[in-house]
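Numbering starts at 1 and runs along the sequence shown.
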Amino acid sequence: MPKVRLHVEGEIIEQEVRDNANLVVLAGIRQFPKLKYGCGMGKCTKCACRVLEGAEKLDPPNWKEQKMLGEKLEEDVRLCCQLTIKDDIVI
């Protein structure tokens, strides 16, 4: 099972998640309650995060991320609502 390490508000939350999990869905069911999110559809960018480790193991940014994040993608910023977690990741 993939392990997610989330750095948020000076705290580190580490947890295993099921394969192909979506962090915004998990935040909605209180598995990651400090993760900020809004629409869950790639339109508001509230769930934008910097991938510190594991970016190379994620699927490439989709068209929503490309449209909403633009050049920030080069800085490993991604939208949590558009990520499918398949391997360990630190954000």
Review point. Can you hop from Val77 to Met68 via hydrophobic side chains spaced under 4.5 Å?
Key: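 Cluster IDs for Val77 and Met68 match.
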Check your understanding: So does Glu56 have more than 12 non-hydrogen atoms from other groups sitting under 6.0 Å from CD?
Key ->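 Yes, because the 6.0 Å sphere around CD of Glu56 holds more than 12 heavy atoms from other groups.
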Review point. Within a reach of under 6.0 Å around CE of Met41, are more than 12 heavy atoms found that belong to other residues, nucleotides or ligands?
Key: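 No, because the 6.0 Å sphere around CE of Met41 holds 12 heavy atoms or fewer from other groups.
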Does any part of the side chain of [Y], heavy atoms only, come nearer than 4.5 Å to the side chain of [X], both counted from C-beta?
{"X": "Asp59", "Y": "Lys86", "value": "yes"}
{"X": "Gln66", "Y": "Leu73", "value": "yes"}
{"X": "Pro61", "Y": "Leu69", "value": "no"}
{"X": "Leu79", "Y": "Val24", "value": "no"}
{"X": "Ile85", "Y": "Asn22", "value": "no"}

**Study point:** Partner of Gln31 under side chain to side chain contact (heavy atoms under 4.5 Å, CB included), chosen from Val4, Leu23, Leu26, Val25
**Key:**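 In the set Val4, Leu23, Leu26, Val25, the residue that makes a side chain to side chain contact (heavy atoms under 4.5 Å, CB included) with Gln31 is Leu26.
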**Study point:** Partner of Glu65 by side-chain hydrogen bond (donor to acceptor under 3.5 Å, both in side chains), out of Arg78, Gln82, Lys72
**Key:**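 Among Arg78, Gln82, Lys72, the one that satisfies the side-chain hydrogen bond (donor to acceptor under 3.5 Å, both in side chains) with Glu65 is Arg78.
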Check your understanding: Does any N or O in the side chain of Asp88 come within less than 3.5 Å of the main-chain N or O of Lys3, such that one atom is a donor and the other an acceptor?
Key ->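 A pair under 3.5 Å: yes.
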Value rounded to 0.5 Å, distance of [atom1] in [X] from [atom2] in [Y]:
{"X": "Cys81", "Y": "Lys43", "atom1": "SG", "atom2": "NZ", "result": "11.0 Å"}
{"X": "Thr45", "Y": "Tyr37", "atom1": "OG1", "atom2": "OH", "result": "16.0 Å"}
{"X": "Leu58", "Y": "Asp87", "atom1": "CG", "atom2": "CG", "result": "9.0 Å"}
{"X": "Ile89", "Y": "Cys80", "atom1": "CD1", "atom2": "SG", "result": "7.5 Å"}
{"X": "Cys49", "Y": "Leu35", "atom1": "SG", "atom2": "CG", "result": "7.5 Å"}

Kindly list each side-chain donor-acceptor pair under 3.5 angstrom involving residues 6-18, sequence neighbours excluded, with atom names and distances?
| unit_1 | atom_1 | unit_2 | atom_2 | d |
| --- | --- | --- | --- | --- |
| Glu11 | OE1 | Lys34 | NZ | 3.0 |
| Glu14 | OE1 | Arg5 | NE | 3.3 |

